[in-house]
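Data block below; observations after.
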Amino acid sequence: MTDAPSTDAVAETSDAPSFRYNAALAQDIELRWQAYWDEHKTFESPNPAGPLADAAALEDRGEKLFVLDMFPYPSGSGLHVGHPLGYIGTDTYSRFQRMRGRNVLYSMGFDAFGLPAEQFAVQTGQHPAITTDENIANMRRQLHRLGLSHDKRRSISTTDPAYYRWTQWIFRTIFESWYDVDADKARPIAELVAEFDSGERTLDDGRDWAALSGTEKEQVLADYRLAYVSHAPVNWCPGLGTVVANEEVTADGRSDRGNFPVFKRNMRQWMMRITAYADRLIEDLDVLDWTDAIKTMQRNWIGKSHGATVHFPSAAGPITVFTTRPDTLFGATFMVLAPEHPLVDALTSPEQATAVAAYRDAAAAKKEIDRTDDTKAKTGVFTGGTATNPVTGEEIPVWIADYVLMGYGTGAIMAVPCGDQRDFEFARTYGLAIPAIQQPSSEWFGEHGIEPTTGADTSTWPVAFVGDAPYINSANESGLDLNGLSDVAAGVSTTNDWLEADGHGHATINYKLRDWLFSRQRYWGEPFPVVYDTDGVAHVLPEDQLPVLLPETDSFAPRTFDPNDADTDPESPLDRLDDWVNVTLDLGDGPQPYRRDTNVMPQWAGSCWYELRYLDPTNENRFVDADVERYWMGPRTDERPDHPGGVDLYVGGVEHAVLHLLYARFWHKVLFDLGHVSSKEPYARLYNQGYILADAYKDDREIYVDAFAVEERDGEFFYEGQPVTREWGKMGKSLKNAVSPDEMYDSYGADTLRLYEMSMGPLDQSRPWETRDVVGMYRFLQRFWRNAVDEDTGDLVIADRDPDDETLRLLHRTIDAVGTEMDNLRFNTSIAKLIELNNHVTKLDGVPRSVIETMTLMLAPLAPHVCEELWAKLGHDETLTYEPFPSADPALLVDDMIELPVQVNGKVRGRITVAADAPNDEIEAAALAEDNVARTLDGAAPKKVIVVPGRMVNVVA
RNA sequence: GCCCGGAUGGCGGAAUUGGCAGACGCGGCGGACUCAAAAUCCGUUGUCCUCACGGACGUGUGGGUUCAAGUCCCACUCCGGGCACCA
């Protein structure tokens with residue numbers, strides 16, 4: 001009759017009813033339905049083309065919906081109950097939307113390259129390829145047991161050569177392109193070469209392109225390519241044995257992985273020209289449905305600021321500064337260079353040489369955290385050199401100080417002590433002049449408790465003045481005159497015009513964002529598809545020579561160093577493999593000897609495009625078929641005209657706000673510019689789920705102890721008799737407070753775990769795990785099950801009649817509410833409404849079939865296994881996955897009679913029941929006649945009666 | 001220091017546009033079943049006053065707007081997160 005799995009009584013050790021919904025029965029149901037879904041390929045979603053195409057199914061399914069989780073790295077310790085919070089949310093949403101008729105793409109891959117996997121391998125002595133596969137298998141098992149409705153055909157691992165072949169292909173594509181500033185998009189490098197060849201474009205430095213040697217041409221092109229090798233200051237982390245990106249360095253100058261010190265060193269490394277996209281990465285945030293918090297973080301990281309570039313002539317050549325306040329040039333009485341600035345040597349006078357050298361050494365030795373600590377007093381040294389202020393013509397002293405950072409702007413500033421607090425403090429410390437160039441208001445003086453000063457005198461000022469105020473002492477003989485203006489914006493634009501006209505500078509936009517350091521000196525990553533010829537010129541391998549396989553070796557451990565020894569050099573593990581490094585290849589001009597690049601890509605590479613591979617996971621000709629890509633990722637202008645396209649719902653933790661999410665947007669935009677994808681953004685809607693928190697306990701050595709062995713006595717906590725201190729933390733192995741989902745499956749089953757995690761609170765909020773609370777959802781499922789099934793016989797016990805009016809109305813109100821709540825990812829309130837309905841029908845003498853069927857469908861996205869089981873028991877032959885989600889009858893959402901609270905002076909004194917469409921005067925009369933209202937009024941005539949239709953009545957006495 | 005969030009019973013959390021504060025769950029209390037316990041089920045549960053009817057108080061603090069404020073405005077306190085010598 002049905003191919004749904006059959007129910008067998010579960011043997012019980014106790015005398016509990018054989019068909020009570022308990023952990024054993026739940027497990028039985030869950031394993032059977034998981035097998036059923038696999039066998040029937042229930043969650044496979046059809047593509048419009050290629051091997052996953054299925055025209056009939058596509059016709060059936062309706063509009064596409066791409067739901068995506070941030071994919072995990074396959075950890076060696078497996079999952080704890082905190083990991084799947086987001087996955088349960090996306091699974092529930094996906095199941096709900098399938099019932100709403102959408103063609104849902106939902107799968108899960110593994111971000112398996114990178115440091116964690118490599119470190120785990122080093123610890124266990126196993127090759128990372130082996131441990132990674134084992135860990136993936138274990139995580140797949142745990143996720144499968146949770147009942148996640150993934151299309152398993154679409155799962156990928158970034159470590160699979162069939163996957164990273166295309167990661168290398170995208171690298172190749174980026175390498176072979178350049179950013180055309182005029183067209184404001186990336187274009188193939190071949191088109192740039194063609195422009196140089198034809199003379200349409202000439203070299204900036206005036207050289208003749210045609211006269212350059214091949215190597216020289218390559219050097220020119222390298223300055224245009226979006227992936228290039230640079231010799232520049234990078235973040236060297238001896239403790240990890242590799243360089244890391246700016247985004248991977250914490251505010252206190254340490255690696256976010258491993259927490260080792262990071263040092264700035266000049267090194268030859270691969271970079272990606274993400275800065276070319278700075279503006280678009282900011283602008284396109286506007287069309288994304290992301291939280292403002294994440295958008296703000298990305299904007300701050302890119303750090304766009306408007307200002308001016310100004311050149312100060314000096315004996316050592318012009319010193320170029322960036323300033324956001326060119327209007328304060330008249331107040332620039334000295335300059336400050338970062339200690340590492342290249343002009344320092346040339347500017348330093350013989351008398352100051354010793355002091356300058358000593359200061360530079362001290363600055364270099366300082367840890368980043370000390371250098372960027374703005375609470376410390378400012379230090380610096382005079383170089384003995386001077387530069388010319390272009391607006392005043394004055395010779396001003398040039399200092400070096402470590403509060404000026406080489407990594408921002410030009411590494412040099414003009415100091416305006418009257419208008420910048422840092423410069424002010426520096427000038428006070430070293431007795432430099434602080435002439436005023438704006439006249440602050442008397443209020444400003446009042447706020448700082450000093451007598452107003454006029455003119456240049458600032459001797460009594462406690463701080464610099466920042467803001468709008470009339471300019472003074474701000475005119476020169478070459479036609480720049482700000483005096484009389486009092487608006488900073490006007491001052492800035494006037495000054496910029498003058499600077500440009502006189503050739504001293506020009507308006508500029510500066511960014512905090514630096515190019516992305518893309519190479520790592522580790523083993524477990526994607527090899528660069530790059531070789532060097534005997535002249536040292538880099539060649540990217542042609543498509544047909546990809547993938548460049550990561551070579552097999554036993555010596556995959558990185559060379560790491562004393563974490564504090566900055567004077568070390570990175571050594572790539574791949575460097576040791578001479579046979580692999582030295583190759584003879586035919587790149588079109590016959591077999592030639594080459595050396596392979598021995599770097600690997602950062603972990604972020606694989607996660608920059610994985611969502612695209614889900615679409616077409618087995619394609620061997622392209623990273624994704626164009627039609628398939630357009631179907632799943634294309635912009636949806638039916639939703640809104642500026643829809644950017646991309647993933648419809650992307651759920652993950654907030655910790656990737658500027659790492660993965662920035663890099664992935666950058667790659668996607670390059671692919672978009674080159675016509676390889678149809679959406680300008682990868683993730684249209686981003687939702688940040690919260691974390692599961694758990695108490696963690698530390699002993700007096702500050703070491704975490706097993707949280708499950710801690711006892712509480714009178715508000716104090718003890719571990720093995722010793723007092724310990726409690727703190728909040730994310731759940732995790734390192735805090736020794738992790739609860740495994742396997743424990744929950746054993747005690748309650750997956751459906752209960754799913755319901756509990758969804759009921760704890762809003763999905764975007766962090767919440768503390770309480771194992772003892774889980775039983776609430778278990779009891780709910782038991783009650784729900786008992787409403788339909790006889791616990792002793794396992795037979796259906798539904799009532800053979802139509803629901804009463806009250807039940808019917810509650811049912812439809814619940815349908816209405818649950819649909820809306822689920823649409824908005826508010827699963828906690830969906831569950832509350834379903835429990836409310838279930839509690840109501842529990843009191844009935846038997847639940848009508850129509851009610852139990854509707855409830856089963858509504859609960860199915862949240863607790864799919866038990867609902868499938870009931871659905872089958874109710875006589876249905878097929879999975880409920882594609883049953884339409886119940887819809888509410890609008891006529892049943894409005895009641896004939898309604899109860900209204902009656903307030904007297906804002907306090908509820910009684911209730912009246914009136915017809916829903918009763919006129920106001922009738923409601924008013926009923927309200928005043930209510931016993932307790934009348935008593936409260938005590939005969940006094942009401943001053944006013946406010947009737948809020950359908951809501952309430954307020955009597956003003 | 002700057003920018004975002006947030007604060008509601010013993011606990012997690014609910015509350016369209018301002019309109020019955022505390023939905024739902026945990027825990028507590030009382031009861032049923034049981035020799036007993038666990039599990040399960042039923043009832044009850046913001047605090048205080050009252051035998052009761054009922055009343056007073058109550059959404060971090062202090063003001064304000066309003067017939068009516070958890071919700072809006074002003075000023076603060078505390079907590080979480082992000083950024084931070086960014087010129």
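Any value given below was found using the heavy atoms of this structure, including those in side chains, with hydrogens, waters and symmetry copies removed. Just so it is clear: chains get the letters A, B, ... in the order the sequence lines come, proteins before strands, and each one is counted from 1.
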Q. Expressed in angstrom and rounded to an integer, what is the separation of A:Trp785 atom CH2 from B:C41 atom C1'?
A. 19 Å
Would you mind writing out the side-chain donor-acceptor pairs for residues 768-777 of chain A within the sub-3.5 Å range, not counting sequence neighbours?
{"unit_1": "A:Trp769", "atom_1": "NE1", "unit_2": "A:Thr771", "atom_2": "OG1", "d": "2.6"}

Q. Going through the checks in order, is the side chain to side chain donor-acceptor pair (under 3.5 Å) test met by A:Tyr403 and A:Asp423?
A. CA-CA 10 Å; A:Tyr403 79 89; A:Asp423 299 343; 2.8 Å; yes
Q.
In this structure, how many angstroms lie between the P atom of B:A87 and the CG atom of A:Leu337, rounded?
A. 17 Å
(Q) Protein within reach of the bases, or only the backbone? For nucleotides 6-14 of chain B, mark each nucleotide 5' to 3' as B, S or -, using heavy atoms under 4.0 Å. (A) ------SSS
Q: Summarise how protein sits on nucleotides 50-60 of chain B as a single string, 5' to 3': B when a protein heavy atom is under 4.0 Å from the base, S for sugar-phosphate-only contact, - for no contact.
A: ----SSSS---
Q) Does the side chain of A:Asn839 get closer than 4.0 angstrom to OP1 or OP2 of B:G25 through an N or O atom? A) yes
Q) For the rings on A:Phe334 and A:Phe426, is their centre-to-centre separation under 6.0 Å? A) yes
Q) Looking at B:G25, B:U16, B:A23, which one has an atom nearest to any side-chain atom of A:Ile835? A) B:G25
Q: For nucleotides B:A84 and B:A15, find the distance between their C1' atoms and express it as a whole number of Å.
A: 38 Å
Q. Tell me: OH of A:Tyr21 to P of B:U40, nearest whole Å?
A. 14 Å
Q: State which of B:G43, B:C86, B:C24 makes the closest approach to the side chain of A:Glu836.
A: B:C24
Q. Of the candidate nucleotides B:A39, B:G25, B:C85, which contains the atom at the shortest distance from the side chain of A:Arg20?
A. B:A39
Q: Would you kindly say whether A:Ser18 and A:Asp792 are connected by a side-chain donor-acceptor distance under 3.5 Å?
A: no
Q.
Tell me which pairs pass side chain to side chain donor-acceptor pair (under 3.5 Å) where either residue lies in residues 815-830 of chain A, with sequence neighbours left out.
A. A:Gln97-A:Asp823, A:Arg100-A:Asp823, A:Glu821-A:Arg826, A:Glu821-A:Thr829
Q. Quantified in whole Å, what is the P atom distance between nucleotide B:A39 and nucleotide B:G28?
A. 10 Å
Q. Restricting to pairs with a member in residues 404-414 of chain A, which pass side chain to side chain donor-acceptor pair (under 3.5 Å), not counting sequence neighbours?
A. A:Ser305-A:Tyr408, A:Tyr408-A:Asn510
(Q) Roughly how many Å apart are B:A14 and B:A7, using the C1' atom of each and rounding to a whole number? (A) 16 Å
Q: For nucleotides 62-72 of chain B, just jot down a letter per nucleotide in 5' to 3' order: B, S or -, based on protein non-hydrogen atoms under 4.0 Å.
A: -----BS----
Q. In terms of side-chain heavy atoms of A:Thr323, which of B:A87, B:A23, B:U40 is nearest?
A. B:A87
Q. CE of A:Met777 versus C1' of B:G27: gap in Å, rounded?
A. 14 Å
Q) Mind checking who B:C57 pairs with, Watson-Crick or G-U wobble, both distances under 3.5 Å? A) B:G46
Q.
When the P atoms of B:U66 and B:C2 are compared, how many Å lie between them, rounded to an integer?
A. 33 Å
(Q) Using atom C1' in both nucleotides, what's the gap between B:A68 and B:G19 to the nearest angstrom? (A) 7 Å
Q: State, yes or no, whether a side-chain contact exists between A:Ile274 and A:Leu662 at a heavy-atom distance under 4.5 Å.
A: yes
(Q) Need one value for A:Arg786: base, sugar-phosphate or nothing, where a base atom within 4.0 Å counts as base even if backbone is also close, heavy atoms only. (A) sugar-phosphate
Q.
Which heavy atom of A:Val488 sits nearest to which heavy atom of A:Gly467, and what is that distance?
A. CG2-O, 3.5 Å
**Q.** Rounded distance in Å between the P positions of B:G25 and B:U45
**A.** 14 Å
(Q) My understanding is that a pair needs two contacts under 3.5 Å, Watson-Crick or G-U wobble. By that rule, which nucleotide pairs with B:C51? (A) none
Q: Tell me the partner of B:A84, counting only Watson-Crick (N1-N3 plus N6-O4 or O6-N4) or G-U wobble (N1-O2 and O6-N3) with both under 3.5 Å; none if nothing fits.
A: none
**Q.** B:C41 pairs with, by Watson-Crick or G-U criteria that keep both distances under 3.5 Å
**A.** B:G31
Q: Could you please name the partner base of B:U65, counting Watson-Crick and G-U wobble pairs only when both distances are under 3.5 Å?
A: none
Q. In Watson-Crick or G-U wobble terms, both distances under 3.5 Å, what is the partner of B:G18?
A. none
(Q) What's the separation between atom OG1 in A:Thr383 and atom NE2 in A:His341, rounded to the nearest 0.5 Å? (A) 11.5 Å
Q: Sticking with atom P, work out how far B:U59 lies from B:C72, rounded to a whole angstrom.
A: 15 Å
Q: Please work out if A:Arg911 contacts a base, only the sugar-phosphate, or nothing of the nucleic acid, heavy-atom cut-off 4.0 Å.
A: base
Q) Between A:Trp399 and A:Val404, is any pair of side-chain heavy atoms under 4.5 Å apart? A) no
Q | Residue pair A:Tyr359 / A:Thr379, side-chain donor-acceptor N/O under 3.5 Å | A | yes
(Q) Strictly by Watson-Crick or wobble contacts shorter than 3.5 Å, is anything paired with B:G12, and which nucleotide is it? (A) B:C24
(Q) By the 4.0 Å heavy-atom rule, please label A:Ser305 as base, sugar-phosphate, or nothing. (A) sugar-phosphate
Q. Looking for any heavy atom pair under 4.0 Å, which part of the strands does A:Met952 touch: base, sugar-phosphate only, or nothing?
A. base
Q | B:C26 phosphate, OP1 or OP2, under 4.0 Å from A:Arg779 side-chain N/O | A | yes
Q: Specify the separation, in whole Å, of atom CZ of A:Arg422 and atom P of B:G1.
A: 17 Å
(Q) Before we go on, tell me: are the rings of A:Phe19 and A:Trp785 under 6.0 Å apart, centre to centre? (A) no
(Q) Quick test of your reading of the model: are A:Arg786 and A:Glu791 salt-bridged, counting only N-O distances below 4.0 Å? (A) yes
Q: Under 4.0 Å between any heavy atoms, over every strand shown, what does A:Gln782 touch: base, sugar-phosphate, or nothing? Just pick one.
A: sugar-phosphate
Q.
Expressed as a whole number of angstroms, how long is the span from A:His341:NE2 to B:A87:P?
A. 17 Å
Q | Interatomic distance at P, B:A56 relative to B:A69, whole Å | A | 15 Å
Q: Would you mind telling me which of B:C85, B:C86, B:U17 lies closest to the side-chain atoms of A:Asp402?
A: B:C85
Q: Compute whether any side-chain donor of one residue and acceptor of the other, for A:Asp695 and A:Asn737, lie under 3.5 angstrom apart.
A: no
**Q.** Nucleotide B:C3, atom C1' - distance to CD1 of A:Ile294 in whole Å
**A.** 14 Å
(Q) Quick check on B:G43: syn or anti? Syn means the glycosidic torsion is within 90 degrees of zero. (A) anti
Q | For B:G70, the Watson-Crick or wobble partner whose two distances fall under 3.5 Å | A | none
Q. Does a donor on one side chain and an acceptor on the other come within less than 3.5 Å for A:Asn22 and A:Tyr748?
A. no
Q: Send over the distance from A:Phe780 CZ to B:C41 P, rounded to a whole Å.
A: 13 Å
